[in-house]
Number of protein chains: 2
Amino acid sequence: MNWTVDQLQAFVTAAHLGSFSSAARQLNKAQSRVSSAIANLEIDLGIELFDRTPRYPVLTELGAQMLPEAEFVLAQCQRFDSRAQFAAKHDVISLRITMDEALPIETTSTIFTLFGQKFPHVNLVITSGSRDDVANAVAKKRADIGLMLSSTVLPMDVEFESLGYFKKILIFGMSHPLAKFETVSRTQLQGHRQLVLCNRSGEGREDAFSPNHWYIDSYYVICDLAVQNQGWAMVPEHIADSNWFAKHIHVRSCDQMFSGTMLEVGVVKRNGHSMGHIEKWFIEQLKDLIAK
Amino acid sequence: MNWTVDQLQAFVTAAHLGSFSSAARQLNKAQSRVSSAIANLEIDLGIELFDRTPRYPVLTELGAQMLPEAEFVLAQCQRFDSRAQFAAKHDVISLRITMDEALPIETTSTIFTLFGQKFPHVNLVITSGSRDDVANAVAKKRADIGLMLSSTVLPMDVEFESLGYFKKILIFGMSHPLAKFETVSRTQLQGHRQLVLCNRSGEGREDAFSPNHWYIDSYYVICDLAVQNQGWAMVPEHIADSNWFAKHIHVRSCDQMFSGTMLEVGVVKRNGHSMGHIEKWFIEQLKDLIAK
DNA sequence: TGTTACTATCCGAATTTCGGATAGATGAAG
DNA sequence: CTTCATCTATCCGAAATTCGGATAGTAACA
């Protein structure tokens, strides 16, 4: 393997333009260079790429078969190079994002699309998990930034920055005793079981309002149980509205009932981890989207 | 983009071995070459790949992120090269095979598996179609060799070479009038509709035995119609035995009844197209498999 | 037949590549 | 603490290669 990328370049452009001379002009090289570059490539590969008997060189059968291969290799080389140039400028080549599975996918997926357009050379690693997983992944350096709903307990070495709020709403199943009332009072709620979010470890609970309550570590499980009339709950609006649950639960406004009806959402990052402008861009986009 | 494949090679092996010197030994180069190769690569990419302050150089964060990229590019270069070496030797880099859809898939798929093991550098293009499609694809240079059941009419510029024979058997539907007989005579058959294969254009028919007959261009359609008791037919054994039809049709031996109970199978290739030894290998394998 | 545009080849200057030698540095061993 | 082995960066001169220009031969075209 003695050929160079330049030789591949000469081969590919000559094949496209159909002439060594024009290839030389396009590549800003002397014509003799393109000629000898291709000749040397042919020697090295052991393949005659062009038939030179006609006026303009024409690809041989094997040459035509090797052309797409060469184009592919060349493209990979260029991708490698531009990625390196990018990394040299921005000091980053991949960004690992982890997010709470309770976040609305519509929101985040549009961000990733934007991200891919704006930073085509950056690898994204997207993981998701429960709220604990998110904070831990950031703390343990398995992720660069995390996206999660606010939690009262956080690992020591990460910090939380608020981005905005999601509205929480009151839900219960179709056959739940409260379903027959148009409005419900605080007292009525206290008479039934509340489904409250907690961490995976069972700690870091939200405040339970009803003395009768279950602690559950996932909003999705909570909604599932609500569908089966096992209790009422306060959950983020987008989860109750999702296709899985929307038709099987009752929704009641409860603005006047609780103060903490808003759920804080924010990013977690390692303490002292200074963010590059890619990370900043990402967080700005998130703020915009959540504000809507 | 000014770096060379050699520099990538030096980077990758040095990263793996953890030392420039050992990389130089493995690559049969002077140590100074590896050192300067990597230094030049770093300059060209604008990235510091190794941290040289410790005893042994250790990858920087960016260097670690670029390593798999470099490995990938290198692997593509080597693949390109070995494929070229192969093509130089065998004059082929891809083989386009087209086959009659009536051929037993079990047979051919094992051949393709073998082929992939024996010639990992050859691209396979596999298409299938009716018997006309096969011959035409070869004639029109859309395929290199075709695999089909014998046909009385072939395009001018292709030739047929016999590989072996498939047994044909007599079939009819479960409720067909002939189903109640253990054996059937030629006269009985002539009293019922025969389903006969023809070309897509309606020409190139097999000989119809019964004066009452339909011409159909696919054995699968023929079997379908037989299942629905629309007539009797002579079809290749493997088609009648296939999962689709086996339980819905009656099979009768008919060796003593017809002389042409064998169906010739063979390859078609362009006139004068001299086969490389890859094509020969392929055809040999086919002969072996069909003989079984 | 002359003109134009193409390719292969030759050539000398300029550049790069190559391995060896050297010097400084580091970690292990005594 | 000293010695030693081994590492890396750098320098060096010879050798090889690369580079663009010049030239010659050739095919298409008017």
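Letters go in sequence order (proteins before strands), and every chain restarts at 1.
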Over how many whole Å does the gap from [X] atom [atom1] to [N] atom [atom2] extend?
{"X": "Tyr56(A)", "N": "dA8(C)", "atom1": "OH", "atom2": "P", "value": "14 Å"}
{"X": "Phe50(B)", "N": "dC7(D)", "atom1": "CZ", "atom2": "C1'", "value": "14 Å"}
{"X": "Glu42(B)", "N": "dT8(D)", "atom1": "CD", "atom2": "P", "value": "13 Å"}
{"X": "Trp3(B)", "N": "dT16(C)", "atom1": "CH2", "atom2": "P", "value": "19 Å"}
{"X": "Asn28(A)", "N": "dG20(D)", "atom1": "CG", "atom2": "P", "value": "9 Å"}
{"X": "Phe20(A)", "N": "dG25(D)", "atom1": "CZ", "atom2": "P", "value": "20 Å"}
{"X": "Gln31(B)", "N": "dA25(C)", "atom1": "CD", "atom2": "C1'", "value": "13 Å"}
{"X": "Arg33(B)", "N": "dG20(C)", "atom1": "CZ", "atom2": "P", "value": "12 Å"}

*Considering heavy-atom distances to DNA chain C, does Gln7(B) or Ser36(A) have its closest nucleotide positioned more toward the 5' end?*
Ser36(A)
*NZ/NE/NH1/NH2 to OD/OE distance under 4.0 Å, Arg52(A) and Glu42(A)*: yes
*Does a side-chain N-to-carboxylate-O contact under 4.0 Å join Arg79(B) and Glu69(A)?*
yes
*asked:* Does Pro57(B) reach a base, just sugar-phosphate, or nothing at all? Heavy atoms under 4.0 Å.
replied: sugar-phosphate
*asked:* Just to be sure I understand the rule, does Ser19(B) reach a base, reach only the sugar-phosphate, or reach nothing, if contact means heavy atoms closer than 4.0 Å?
replied: sugar-phosphate
*dT8(D) base / Arg55(B) side chain donor-acceptor hit below 3.5 Å*: no
_When you compare the side chains of Glu48(B) and Thr60(B), does any donor N or O come within less than 3.5 Å of an acceptor on the partner?_
no
*Working to the nearest 0.5 Å, report the span between CG of Asp91(A) and CZ of Phe86(A).*
10.5 Å
*Ser32(A) vs dC19(D): side-chain N/O to OP1/OP2 distance below 4.0 Å*: no
*Would you kindly compare Ala39(B) and Asn40(A) by the position of their nearest DNA chain D nucleotide and give the one closer to the 5′ end?*
Ala39(B)
